[in-house]
Amino acid sequence: MRLFDTLSRTERDLRPIDGSTFRFYCCGPTVYGPAHIGNFRTFVLQDVLRRTLETGGMRTLHVRNITDVDDKTIRDSQKAGKSLTAFTTGWTEKFHADCEKLGLLPPHIEPGAVEHIPQQIAMIQTLVEKGNAYASDDGSVYFKISSFPGYGRLSRLDQRELDLGKTQNARSNSDEYEKDSLSDFVLWKGRKPDDGDNFWPSPWGEGRPGWHLECSAMIQEYLGDSFDLHSGGVDLVFPHHENEIAQSECACGGHFAANWFHITHLLVDGGKMSKSLGNLHTLADLAEKGHTAMEVRYVLIGAHYRKPLNFTLDSLSGAREALAKLAKGARHLASKIGPEVTLANADFGPFQAAWDSLNHDLNTSGALGGLFTGLREASGLSGAEAAAALAGFNRILRALGITLPEDAHQDTMEIPESIKALAETRWQARLSKNWAESDILRARLTEQGWTMKDGKESYTLEPVQS
RNA sequence: GGCGGAGUAGCCAAGUGGUAAGGCAAUGGUUUGCAAAACCGUCAUUCGAGGGUUCGAUUCCCUCCUCCGCCUCCA
């Protein structure tokens with residue numbers, strides 16, 4: 001497949017550099033609270049990338065870290081009166097539960113920063129030895145940006161802007177560490193009173209690792225010096241990924257990531273998501289409003305990953321209808337297949353266009369459209385042709401990570417006796433053609449939250465959709 | 001101020017130098033006692049504004065307007 005690469009700003013073919021397995025790294029969550037749907041836009045798109053590669057027959061190695069030590073995790077664990085580990089473990093578990101609901105494939109490896117302190121120290125030592133890093137008086141270690149000529153290539157910063165950054169930093173006077181150049185970034189943070197129990201011994205004294213270094217060290221540990229693709233939200237381009245490149249290329253030599261995959265931020269109601277605006281949605285919030293995780297996933301893949309996506313509650317409701325329509329189409333197609341049909345088809349049939357969309361810069365919205373048009377094309381098919389079409393349809397669904405809703409089964413729903421009685425009374429009224437009475441009783445059922453649908457022989461009851 | 005991205009129907013959104021996918025909503029019809037559901041239709045002479053290049057531009061170029069992200073550890 002072809003994918004846009006942030007560094008070269010071109011579309012490139014994705015092929016494993018080792019010839020067999022596509023190895024990629026995704027910057028994972030900082031576990032200090034519930035992940036929101038903006039976070040999940042990134043993780044879902046990374047998941048679709050992996051699924052698309054695998055659907056195309058490629059083997060993958062997916063590494064995604066957990067950031068379990070930084071300013072926020074330390075601060076909030078102290079606020080919660082918990083140890084850092086107990087605190088981050090709780091949020092990590094919640095994150096995993098959300099991921100599962102969203103149909104995200106678990107990464108093959110999910111390393112945490114705290115468990116990789118030795119690797120991080122080793123990398124810092126290498127950088128110091130090579131002259132790319134220096135220790136300061138307070139026991140911190142900084143990366144010397146001037147020692148890496150390639151700095152700024154990913155985010156297109158030139159020296160002038162870096163200098164500007166320095167003056168801004170100098171003016172803000174908020175930096176509490178001692179560095180040579182204000183653009184230099186921290187690799188190891190010397191212990192401070194605020195850190196509480198959260199410090200580790202190192203050649204430069206007690207302290208803790210810097211955020212940027214964590215990813216570089218774990219990438220080297222699990223993917224080596226060079227690997228196929230690195231991914232994260234656009235906000236990570238600078239400084240996080242820029243810094244990773246500097247650290248890793250100086251410590252390891254050679255090329256770091258062959259491709260960079262950045263996902264644009266989600267907008268909510270046309271603007272930035274924030275707690276103060278009350279539009280910071282989590283899966284739990286949306287579940288309370290009656291929306292499933294799969295509906296959220298459908299909305300999140302509804303726009304191209306490099307374009308802003310405007311998330312609204314209305315679009316979630318639309319997603320429910322769209323998913324139901326897909327499920328209906330799939331059932332229709334399945335009903336046209338004879339009992340003896342076997343599927344060995346690697347074709348996508350009417351869904352070829354959807355597959356092509358996915359393979360052209362991961363055009364998920366195009367693929368979604370292709371699902372509907374393909375279904376329309378396939379509606380006249382039967383037997384082996386219908387079976388082949390359905391197989392293609394299911395492969396696209398798998399690549400997108402969509403699970404279709406089942407039919408709502410009435411018998412699995414608990415209907416109160418009073419509602420059942422009311423419905424029965426109305427049914428009798430209707431059978432005796434007492435329309436006025438019948439309509440009144442139906443209105444009463446609706447008031448009580450149930451929709452009564454009349455069939456020929458019997459009726460059904462469903463909760464009123466909000 | 002610097003860098004980057006976006007403006008396509010009521011909403012969410014694909015796409016392309018050759019005349020605008022798809023979904024939601026809306027709406028007409030069939031069906032229904034009436035509804036709901038289902039099924040069959042309809043729904044952008046137009047792609048932020050104005051110029052330019054071209055046989056032809058929403059797609060390329062220029063100017064302008066609006067919105068968004070990043071510019072010290074936010075996906």
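Since the structure is predicted, the reported quantities are computational estimates derived from the model, not experimental observations.
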Could I get a table of every N or O pair under 3.5 Å where one atom is in the protein and the other is in nucleotides 7-12 of chain B?
unit_1	atom_1	unit_2	atom_2	d
B:G7	OP1	A:Lys307	NZ	3.1
B:C12	OP1	A:Asn310	ND2	2.9
B:C12	O3'	A:Asn310	O	3.2

Query raised in the report: So, do A:Phe393 and A:Phe348 have ring centers that fall under 6.0 Å from each other?
Result: no

Query raised in the report: Residues in ring-ring contact (aromatic ring centres under 6.0 Å, His included) with A:Phe95, at least two apart?
Result: A:Phe40, A:Phe43

Query raised in the report: In terms of the nearest nucleotide of RNA chain B, which residue is placed more toward the 5' end: A:Gly366 or A:Tyr298?
Result: A:Gly366

Report task. Return the set of residues passing ring-ring contact (aromatic ring centres under 6.0 Å, His included) with A:Tyr25 (not counting sequence neighbours), or none when no residue passes. Result -> A:His230

Query raised in the report: Looking only at heavy atoms, which two atoms of A:Leu280 and A:Asp285 are closest? And how far apart?
Result: O-OD2, 3.5 Å

**Report entry** Closest approach of A:Tyr459 to A:Ala423 (non-hydrogen atoms, all atoms of both residues)
**Finding:** CE1-CB, 3.8 Å

Query raised in the report: So, do A:Val69 and A:Thr88 sit near enough that their side-chain heavy atoms are less than 4.5 Å apart?
Result: no

**Report entry** Aromatic-base stack, A:Phe372 on B:G22, cutoff 5.5 Å, angle under 30
**Finding:** no

Report summary line: A:Arg75 meets the salt bridge (charged side-chain N to carboxylate O under 4.0 Å, His left out) criterion, sequence neighbours left out, with none

Query raised in the report: Does OP1 or OP2 of B:G23 have a side-chain N or O of A:Lys325 closer than 4.0 Å?
Result: yes

Report task. May I ask you to evaluate whether A:Thr42 reaches the phosphate of B:A75, defined as a side-chain N or O under 4.0 Å from OP1 or OP2? Result -> no

Report summary line: ring-ring contact (aromatic ring centres under 6.0 Å, His included) filter on A:His62, not counting sequence neighbours, yields A:Phe24

Report summary line: Rounded to whole Å, the CG-C1' distance (A:Leu371 to B:A13) equals 15 Å

**Report entry** salt bridge (charged side-chain N to carboxylate O under 4.0 Å, His left out) contacts touching residues 298-311 of chain A (sequence neighbours left out)
**Finding:** A:Arg306-A:Asp361

Can you name the atoms? Protein N/O to nucleotides 67-70 of chain B N/O, anything below 3.5 Å, with the distance.
unit_1	atom_1	unit_2	atom_2	d
B:C70	OP1	A:Lys272	NZ	3.4

Report task. Identify, with sequence neighbours excluded, every residue that meets ring-ring contact (aromatic ring centres under 6.0 Å, His included) alongside A:His240. Result -> A:Trp211, A:His212

Requested in this report: Please list every stem that involves RNA chain B, where a stem is a run of 3 or more consecutive Watson-Crick or G-U wobble pairs with both pairing distances under 3.5 Å.
Outcome: B:1-7 with B:65-71, B:10-12 with B:22-24, B:26-30 with B:38-42, B:48-52 with B:60-64

Query - Residues that A:Glu249 engages under salt bridge (charged side-chain N to carboxylate O under 4.0 Å, His left out), provided they are two or more places apart - result: none

**Report entry** Same-atom distance (C1') from B:A57 to B:G52, integer angstrom
**Finding:** 11 Å

**Report entry** Below 4.0 Å: OP1/OP2 of B:G2 and any side-chain N or O of A:Arg156
**Finding:** no

Report summary line: Between A:Arg297 and A:Val48, the two heavy atoms sitting closest are NH2-CG2, 3.6 Å

Between the protein and nucleotides 37-42 of chain B, are there any N/O to N/O pairs under 3.5 Å, and if so, what are the atom names and distances?
unit_1	atom_1	unit_2	atom_2	d
B:A38	OP1	A:Lys328	NZ	2.3

Report summary line: For A:Thr312, the side-chain hydrogen bond (donor to acceptor under 3.5 Å, both in side chains) test, sequence neighbours excluded, returns A:Ser315

